[in-house]
Amino acid sequence: MCGVCGCGEGHTHSHDESNDHEHAHDHHHGHEHGHHHHEHSAEHAHAPGLTQARMVQIEQDILAKNNRYADENRRYFSERGMLALNLVSSPGSGKTTLLTETILRLKDELSIAVIEGDQQTARDADRIRATGVPALQINTGKGCHLDAHRVGHGLESLNLPEHSLLFIENVGNLVCPSAFDLGEAHKVVILSVTEGEDKPIKYPDMFHAADLMILNKTDLLPYLDFDSAQCIQYAKQVNPRIKVLSLSAKTGEGMDNWLTWLRAEMALQRIEYA
């Protein structure tokens, strides 16, 4: 269980729209949501009456169940030629700003939607909807990440057309979302230059799980003691295959490279769909 953050405790979640709808496409509405994940978590978590071995088994069972739902989501995306991206970061990295600026640049050429994950409020989903694209808010309560079952519910609500681009903005957290596959094509980790260049080696699981790292808020570099080259070196030390893009969602610098990457991934999905 997630003994550090407490999200293994009983918590509720809701969609801000369609909380009562029935869940189809092979997901079971009466699911058991627990946690968790990374290899060391059970070693430090404690629960009355549970041995270490039993806690490890519970974690393995939960991850296995999540992976089955993730496979269903992946099949859903594949059958519709959709590109799904799981955006992960710590709070304050600029994920939502990056999303809104990306949507404004691409919404006239692509069908886009967003699943927005937060513990509380629908503020970010409201920001996304203001761009004119559909956004579904999922509040996780005490939960520190989205899981594949919740995303499956969201897909039913959104009912997206074929060849859509789906952004899944995960809960701000560089630990727990690394272990939970949502069925996405890629995890994209967003790191702000205000956070420190050592984040990739402090949170290696997340950067190892990501295919792309976006170094955001580069417009602030002249005012910070941030070593971009060292940060990228740390990321590649953890994950030699990771791609890196540097940009400023605020000023637009470097955004074209991000849009080029997105268009290329969309084209690849269309080829695989055909």
Side-chain angles (χ1 to χ4, degrees), residues 2 5-25 27 29 31 33-35 66 69-70 73 76-77 82-107 110-161 164-177 180 182-184 187-190 192 214 216-217 249-250:
C2 205
C5 67
C7 67
E9 300 171 6
H11 62 273
T12 59
H13 67 278
S14 65
H15 305 315
D16 72 338
E17 316 165 335
S18 66
N19 188 41
D20 298 325
H21 74 79
E22 292 297 324
H23 193 194
H25 91 286
H27 289 275
H29 189 68
H31 71 290
H33 176 68
H35 258 222
N66 180 81
Y69 287 127
N73 292 344
Y76 180 94
F77 298 138
M82 294 171 56
L83 174 64
L85 300 176
N86 183 1
L87 305 187
V88 292
S89 78
S90 58
S93 68
K95 283 198 307 296
T96 309
T97 299
L98 175 63
L99 261 181
T100 56
E101 293 302 317
T102 300
I103 290 166
L104 290 173
R105 288 166 168 79
L106 290 179
K107 67 177 184 176
L110 296 173
S111 171
I112 302 174
V114 176
I115 292 177
E116 184 66 47
D118 283 301
Q119 289 190 318
Q120 300 291 341
T121 84
R123 293 171 64 90
D124 287 347
D126 290 341
R127 289 174 62 188
I128 298 298
R129 292 182 191 122
T131 68
V133 305
L136 179 73
Q137 181 76 44
I138 299 178
N139 290 132
T140 61
K142 292 183 180 180
C144 58
H145 63 85
L146 291 172
D147 61 34
H149 194 196
R150 288 182 173 125
V151 169
H153 274 287
L155 294 174
E156 292 175 7
S157 298
L158 289 168
N159 191 26
L160 301 173
S164 292
L165 170 58
L166 175 66
F167 293 108
I168 305 168
E169 184 174 356
N170 220 314
V171 179
N173 179 358
L174 279 176
V175 181
C176 304
F180 281 78
L182 305 180
E184 72 273 9
K187 280 187 175 69
V188 178
V189 60
I190 295 119
S192 165
I214 292 179
N216 193 20
K217 303 187 183 181
K250 181 176 180 180

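When a residue number appears, it is its place in the shown sequence, counting from 1.
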Query raised in the report: So, Asp147 side chain and His149 main chain: donor-acceptor pair closer than 3.5 Å or not?
Result: yes
Query raised in the report: From Ile190 CD1 over to Thr96 OG1, what is the distance, rounded to the nearest 0.5 angstrom?
Result: 9.0 Å
Query - Donor-acceptor contact present, side-chain Asn173 to main-chain Val175, <3.5 Å - result: yes
Query raised in the report: Say you draw a straight line from CD of Glu116 to CD of Gln137; how long is it, rounded to the nearest 0.5 Å?
Result: 5.5 Å
Query raised in the report: Just wondering, do Ile138 and Ile115 contact through their side chains at under 4.5 Å, heavy atoms?
Result: yes
Query raised in the report: Between Val151 and Tyr69, is any pair of side-chain heavy atoms under 4.5 Å apart?
Result: no
Query raised in the report: Would a 4.5 Å heavy-atom cut-off, applied to side chains only, mark Leu98 and Ile214 as touching?
Result: yes
Query raised in the report: Is Asp126 paired with Arg129 through a side-chain N to carboxylate O contact shorter than 4.0 Å?
Result: yes
**Report entry** Heavy-atom donor-acceptor pair, Asn139 side chain to Thr121 backbone, under 3.5 Å
**Finding:** yes
Query raised in the report: Between Asn86 and Phe180, is any pair of side-chain heavy atoms under 4.5 Å apart?
Result: no
Query - Heavy-atom side-chain proximity of Val189 to Leu87 below 4.5 angstrom - result: no
Query raised in the report: Do Val171 and Gln119 touch side chain to side chain, with heavy atoms closer than 4.5 Å?
Result: yes
Query raised in the report: To the nearest 0.5 Å, what is the distance between NZ (Lys187) and CD1 (Ile168)?
Result: 9.5 Å
Query raised in the report: At what distance, to the nearest 0.5 angstrom, does NZ of Lys107 lie from OG1 of Thr102?
Result: 13.0 Å
Query raised in the report: What pairs with Ser164 under side-chain contact (heavy atoms from CB on, under 4.5 Å), at least two apart in sequence or on another chain?
Result: Met82, Ser111, Leu160, Pro161
Query raised in the report: Can you name the nearest heavy-atom pair linking Cys176 to His145, along with the distance?
Result: CB-CD2, 3.8 Å
Query - Listed partners of Asp124 passing salt bridge (charged side-chain N to carboxylate O under 4.0 Å, His left out), at least two apart - result: Arg127
Report summary line: The side-chain contact (heavy atoms from CB on, under 4.5 Å) partners of Leu110 (sequence neighbours excluded) come to Leu106, Ile112, Leu165, Met266, Arg270
Query - Leu136 vs Leu155, side chain to side chain contact (heavy atoms under 4.5 Å, CB included): CA-CA, chis, key distance, verdict - result: CA-CA 9 Å; Leu136 179 73; Leu155 294 174; over 6 Å; no
Requested in this report: Could I get the full list of side-chain contact (heavy atoms from CB on, under 4.5 Å) partners for Arg105, not counting sequence neighbours?
Outcome: Glu101, Met255, Leu259
**Report entry** With sequence neighbours excluded, residues passing side-chain hydrogen bond (donor to acceptor under 3.5 Å, both in side chains) with Ser93
**Finding:** Ser89
Query raised in the report: Out of curiosity, Ile128 CD1 to Phe167 CZ, how far, rounded to the nearest 0.5 Å?
Result: 9.0 Å
Query raised in the report: Can you tell me how far CG of Leu146 sits from CZ of Arg150, rounded to the nearest 0.5 angstrom?
Result: 7.0 Å
Query - Asn66 side-chain N/O to Ala148 backbone N/O, donor-acceptor pair under 3.5 Å - result: yes
Report summary line: For Lys217, the salt bridge (charged side-chain N to carboxylate O under 4.0 Å, His left out) test, sequence neighbours excluded, returns none
Query raised in the report: Under the 3.5 angstrom rule, does the side chain of Asn170 hit a backbone N or O of Pro177 as a donor-acceptor pair?
Result: no
Query raised in the report: So, Glu156 side chain and Gly154 main chain: donor-acceptor pair closer than 3.5 Å or not?
Result: no
